[in-house]
Protein chains: 2
Amino acid sequence: MPTRPRTSTASIVAAARHILETQGLDALTMHAVARAVGVRGPSLYKRVRDRSELMRLIANDVFRQLGARLDTMVQGQTPREDVRAIACEYRAFAHANPRAYALLFSPVPEDWRVDLEQTQRVSALLLRSVAQLTGERDALPAARMLVAWVHGFVSMELAGAFRLGGDVEVAFDYALERVTAAIERE
Amino acid sequence: MPTRPRTSTASIVAAARHILETQGLDALTMHAVARAVGVRGPSLYKRVRDRSELMRLIANDVFRQLGARLDTMVQGQTPREDVRAIACEYRAFAHANPRAYALLFSPVPEDWRVDLEQTQRVSALLLRSVAQLTGERDALPAARMLVAWVHGFVSMELAGAFRLGGDVEVAFDYALERVTAAIERE
DNA sequence: ACCTGAACACCGTTCAAGT
DNA sequence: ACCTGAACACCGTTCAAGT
């Protein structure tokens with residue numbers, strides 16, 4: 001006899017992200033997610049193949065949201081201002097979602113990687129702004145330099161790897177200035 | 001009655017690193033480590049408080065080895081050559097130990113962080129070379145820019161995040177050239 | 001159709017018992 | 001002193017039975 005669904009994939013992912021962010025990866029059990037959406041553990045398997053797929057769905061969700069946020073940062077400013085705004089917003093997003101962000105470039109599990117379509121959307125956005133500084137020829141390596149630096153910086157920040165004191169804000173501004181300048185150098 | 005130890009912390013860490021690198025984090029169970037060193041699971045708890053501490057010991061071991069490798073790269077070359085050599089060796093080490101490397105800046109678990117002493121040793125090494133390019137005043141932010149970029153680059157490489165084709169070697173050389181140039185710029 | 005309790009295999013960890 | 005089997009709690013996952 002048909003029954004009305006009591007949950008959905010979207011609310012499962014949302015609940016999982018909330019648990020991850022507030023309680024950490026160890027607390028992200030199938031049971032905890034099920035309880036958060038008002039259902040028992042086994043019911044999750046109607047929507048999600050297994051825990052790995054749930055992790056991939058979370059990563060996708062975070063990445064999509066990050067892309068949307070970066071999109072809103074590209075306004076009619078100078079290309080250099082666009083690039084700076086993208087980098088700052090990228091960092092702010094990672095700070096606001098540290099544990100979910102950490103999932104994105106974690107090579108530990110092979111199978112929960114973000115969909116190619118999502119990465120291409122964000123890449124295109126970045127390439128467009130960078131290309132205005134470098135021209136088409138160097139756009140790809142230049143964009144890779146920029147994103148590698150931003151990702152590396154926030155990744156180290158979030159891991160607590162800047163342990164020598166000094167002002168981390170100063171270090172961010174210092175490098176953002178130099179990286180953008182290096183990109184637009186002839 | 002006294003008994004001779006059948007294993008040691010050092011061999012436990014070595015076995016754990018080997019399992020991690022060859023079979024992945026999921027395969028790194030206490031049972032698997034115990035079997036690799038010729039003992040039963042519970043015996044590990046004589047040397048290691050719990051799995052978290054084992055993880056911290058692994059991270060420490062990797063970081064110490066990375067520091068030693070970078071140390072050998074600083075020879076009597078120009079400061080710029082030193083910085084380039086450090087970056088290239090850093091990358092090569094991460095490629096040779098991808099899963100163990102990924103542990104170093106993984107913010108996921110709070111308690112398996114590398115000892116402060118180790119990080120200061122590696123930081124001092126890097127600061128010394130960078131300071132020769134920038135002077136003391138900018139050495140800290142400049143070193144943070146360099147290490148953030150290298151870490152971000154290999155982290156993305158290892159995560160398979162460069163998915164738009166193009167030559168990744170070209171992108172590395174492009175950015176290494178520009179980052180070192182940006183550092184030594186007046 | 002969807003949900004559930006019961007069950008299974010596996011894992012980290014403890015501990016009393018062995019040498 | 002160190003090692004072990006047995007045991008416990010917990011987790012991911014499956015499945016037959018319920019509505």
Side-chain angles (χ1 to χ4, degrees), chain A residues 1-60 99-100 103 106 108-113, chain B residues 1-60 99-100 103 106 108-113:
Chain A
M1 228 160 285
T3 318
R4 308 219 59 205
R6 253 168 265 182
T7 184
S8 67
T9 306
S11 56
I12 288 171
V13 172
R17 265 188 75 176
H18 184 254
I19 293 170
L20 171 65
E21 215 56 81
T22 55
Q23 301 171 248
L25 192 56
D26 285 348
L28 186 54
T29 68
M30 298 300 271
H31 172 74
V33 174
R35 189 155 48 90
V37 299
V39 103
R40 303 303 175 109
S43 297
L44 294 182
Y45 295 83
K46 283 285 163 185
R47 321 269 169 205
V48 163
R49 187 165 31 83
D50 55 17
R51 193 171 182 273
S52 280
E53 184 174 337
L54 178 55
M55 291 301 177
R56 221 199 55 234
L57 291 174
I58 297 174
N60 254 329
R99 289 190 166 116
L103 245 48
S106 149
V108 183
E110 316 289 340
D111 31 341
W112 10 315
R113 196 175 300 171
Chain B
M1 230 159 283
T3 318
R4 307 221 59 204
R6 255 168 265 182
T7 183
S8 67
T9 307
S11 57
I12 288 171
V13 172
R17 264 189 75 176
H18 184 253
I19 292 170
L20 170 65
E21 215 55 81
T22 54
Q23 301 171 248
L25 192 55
D26 286 347
L28 187 54
T29 68
M30 297 302 271
H31 172 74
V33 174
R35 189 155 47 90
V37 299
V39 102
R40 301 303 175 113
S43 296
L44 294 183
Y45 294 84
K46 284 285 165 186
R47 321 268 168 207
V48 163
R49 186 165 32 84
D50 54 18
R51 192 171 182 272
S52 280
E53 184 174 338
L54 179 55
M55 291 300 176
R56 220 200 56 234
L57 291 174
I58 296 174
N60 254 328
R99 289 188 166 120
L103 244 48
S106 148
V108 182
E110 315 288 341
D111 31 342
W112 7 316
R113 195 174 303 170

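In what follows, chains are A, B, ... by sequence order, proteins preceding strands, each numbered from 1. All values below come from the heavy atoms of this structure, side chains included, with hydrogens, waters and symmetry mates left out.
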**Prompt:** With sugar-phosphate meaning primed atoms plus P, OP1 and OP2, does B:Pro5 contact a base, only sugar-phosphate, or nothing at under 4.0 Å between heavy atoms?
**Reply:** sugar-phosphate
**Message:** What's B:Thr29 touching, base or sugar-phosphate or nothing? Going by heavy atoms closer than 4.0 Å.
**Reply:**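 The answer is sugar-phosphate, as B:Thr29 gets under 4.0 Å only of primed atoms, P, OP1 or OP2.
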Watson-Crick or G-U wobble partner for [N], using a 3.5 Å limit on both distances?
| N | answer |
| --- | --- |
| C:dC8 | D:dG12 |
| D:dA17 | none |
| D:dC3 | none |

**Request:** Could you tell me the separation between the CG atom of A:Asn60 and the CD atom of A:Glu53, rounded to the nearest 0.5 Å?
**Result:** 10.0 Å
**Message:** Quick check for you: to the nearest 0.5 Å, what is the distance between B:Arg99 atom CZ and B:Ile58 atom CD1?
**Reply:** 13.0 Å
Roughly, in whole Å, what's the span from [atom1] in [X] to [atom2] in [N]?
| X | N | atom1 | atom2 | answer |
| --- | --- | --- | --- | --- |
| A:Leu44 | D:dC15 | CG | P | 17 Å |
| B:Arg6 | D:dC3 | CZ | P | 6 Å |
| A:Asp50 | D:dC11 | CG | P | 17 Å |
| A:Lys46 | D:dG12 | NZ | P | 19 Å |
| B:Glu53 | C:dG12 | CD | C1' | 15 Å |
| B:Met30 | D:dC10 | CE | P | 19 Å |
| A:Gln23 | D:dC11 | CD | P | 12 Å |
| B:His31 | D:dT4 | NE2 | P | 12 Å |

**Request:** Between C:dT13, D:dC2, D:dT4, spot the one nearest the side chain of B:Arg47, thanks.
**Result:**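 Looking only at heavy atoms from C-beta outward on B:Arg47, the closest nucleotide is D:dC2.
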**Side chain of A:Tyr45 (C-beta onward), nearest among D:dG5, D:dT13, C:dC3** =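 Shortest atom-to-atom distance from the side chain points to D:dT13.
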[N] phosphate, OP1 or OP2, under 4.0 Å from [X] side-chain N/O:
| X | N | answer |
| --- | --- | --- |
| A:Arg51 | D:dG12 | yes |
| B:Thr3 | C:dT19 | no |
| B:Arg35 | C:dC11 | no |
| B:Arg4 | D:dA1 | no |
| B:Arg40 | C:dG12 | no |

**Message:** As a quick check of understanding, evaluate side-chain contact (heavy atoms from CB on, under 4.5 Å) for B:Met55 and B:Leu25, giving each step before the final call.
**Reply:** CA-CA 10 Å; B:Met55 291 300 176; B:Leu25 192 55; 3.8 Å; yes
**Prompt:** What closest approach, in Å, do A:Arg47 and A:Pro5 show between heavy atoms, and which atom pair accounts for it?
**Reply:** NH2-CB, 3.4 Å
**Asked** Any side-chain heavy-atom pair from A:Thr7 and A:Lys46 closer than 4.5 angstrom?
**Response** no
